[in-house]
Amino acid sequence: MKALIKTIEVISEVLGKWVSWLSLFMVIVMFLVVVLRYAFSLGWEGMQQSVTYMYAVFFLLGISYTQKHHGHVRVDIFYQNFPPKGKALVDLVGTLLLMLPMCGFIFWNSLDFVLLSWQTMESSNTAGGLPGVFILKSFLLVMPVLLFLQGIAQILKILLWLRGELPHLAPYDAAEKQEAAA
């Protein structure tokens, strides 16, 4: 089980690091778009669209990395006051009943959309736009698979932590340290 967790988390980590560099490149390209447009009255539709493509890939590939590092926003006022075991159980149930089914729902509902795009080899419908929209739309299938895998890793880690086999599982170990210090 630990080997499976490690494999999944390495995938999330590598993709997360890769897309973090993509965000820098995206900012540089957007800066060039603005400078070329306003300083030189030049504009390329493909260059502008490339920023949108990069942002989509950044979001769709980075979501599992963010989940791995507990970076998604929580609006649960009760969760923060739960003991570590309570937090683990909430995360376990939430992952099983909400995240994993949502991943399946997104995948299933995106499948025909992506397949149709591949069948037509869809490209931008604007003059000077980028080809390969079908490739970009494929990430609508990659994202739920990556998030599903990260959810499986999260479930396995929580189960091992609850059994005492992963004593230093964040964020639960941080809560335990705070309780011990109090």
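These values consider heavy atoms only, across backbone and side chains, with no hydrogens, waters or symmetry-generated copies.
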Side chain to side chain contact (heavy atoms under 4.5 Å, CB included) for V33 and W44? Distances and angles first, verdict last. CA-CA 8 Å; V33 166; W44 289 293; over 6 Å; no

Walk me through whether W118 and S138 qualify under side-chain hydrogen bond (donor to acceptor under 3.5 Å, both in side chains). CA-CA 9 Å; W118 272 88; S138 299; 2.5 Å; yes

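In this structure, Y65 is not a member of the same hydrophobic cluster as F139, with clusters built from ILVMFWY side-chain heavy atoms closer than 4.5 Å. Hydrophobic clustering keeps V93 apart from F105 (ILVMFWY residues linked when any side-chain heavy atoms are closer than 4.5 Å, directly or through intermediates). V14 and I152 fall into different hydrophobic clusters, where Ile, Leu, Val, Met, Phe, Trp and Tyr side chains are chained together by heavy-atom contacts under 4.5 Å. Both V51 and I28 belong to a common hydrophobic cluster when Ile, Leu, Val, Met, Phe, Trp and Tyr are linked at side-chain heavy-atom distances under 4.5 angstrom. Tracing side-chain contacts under 4.5 Å through hydrophobic residues (I, L, V, M, F, W, Y), one reaches W18 starting from I63; they form part of the same cluster.
Between S50 and L130, some side-chain heavy-atom pair lies under the 4.5 Å cut-off. With contacts defined as side-chain heavy-atom distances shorter than 4.5 Å, the pair F134/L116 does not qualify. With contacts defined as side-chain heavy-atom distances shorter than 4.5 Å, the pair L147/M102 qualifies. With a 4.5 Å cut-off on side-chain heavy atoms, L60 and V142 do not count as touching. At a threshold of 4.5 Å between non-hydrogen side-chain atoms, the residues I106 and L140 do not count as touching. Side-chain contact between L96 and I155 is present, with at least one heavy-atom pair separated by less than 4.5 Å. Put simply, the side chain of L89 reaches to within 4.5 Å of the side chain of L162, judged on heavy atoms.
Closest of all the heavy-atom pairs between I5 and A153 is CG1-O, 4.1 Å. Counting all heavy atoms, side chain and backbone alike, S123 lies closest to P131 at CB-CA, 3.5 Å. Contact detail for S12 and S64: the closest heavy-atom pair is OG-OG, 3.5 Å. Residues T126 and S124 come closest through the heavy atom pair OG1-OG, 3.0 Å. Across every non-hydrogen atom of A127 and E45, the tightest pair is O-CB, 3.7 Å. Residues M54 and F25 share a closest heavy-atom pair of SD-CD2, 3.3 Å.
Note that the CD1 atom of I8 and the CZ atom of F148 stand 9.5 Å from one another [nearest 0.5 Å]. One distance of note links CG of L24 with CZ of F58; it measures 11.0 Å at 0.5 Å rounding. E9 CD to K68 NZ: the interatomic distance, rounded to the nearest 0.5 Å, is 5.0 Å. Rounding to the nearest 0.5 angstrom, the gap separating the CG atom in L36 from the CZ atom in F31 is 9.5 Å. We find the CG-CD distance between L159 and Q154 to be 10.5 Å, quoted to the nearest 0.5 Å. Atoms CD and NZ, from E165 and K2 in turn, are 5.5 Å apart once rounded to the nearest 0.5 Å.
The main-chain N or O of F113 is never found under 3.5 Å from a side-chain atom of S117 such that the two would form a donor-acceptor pair. Side chain of S20 to backbone of K17: a donor-acceptor contact under 3.5 angstrom is found.
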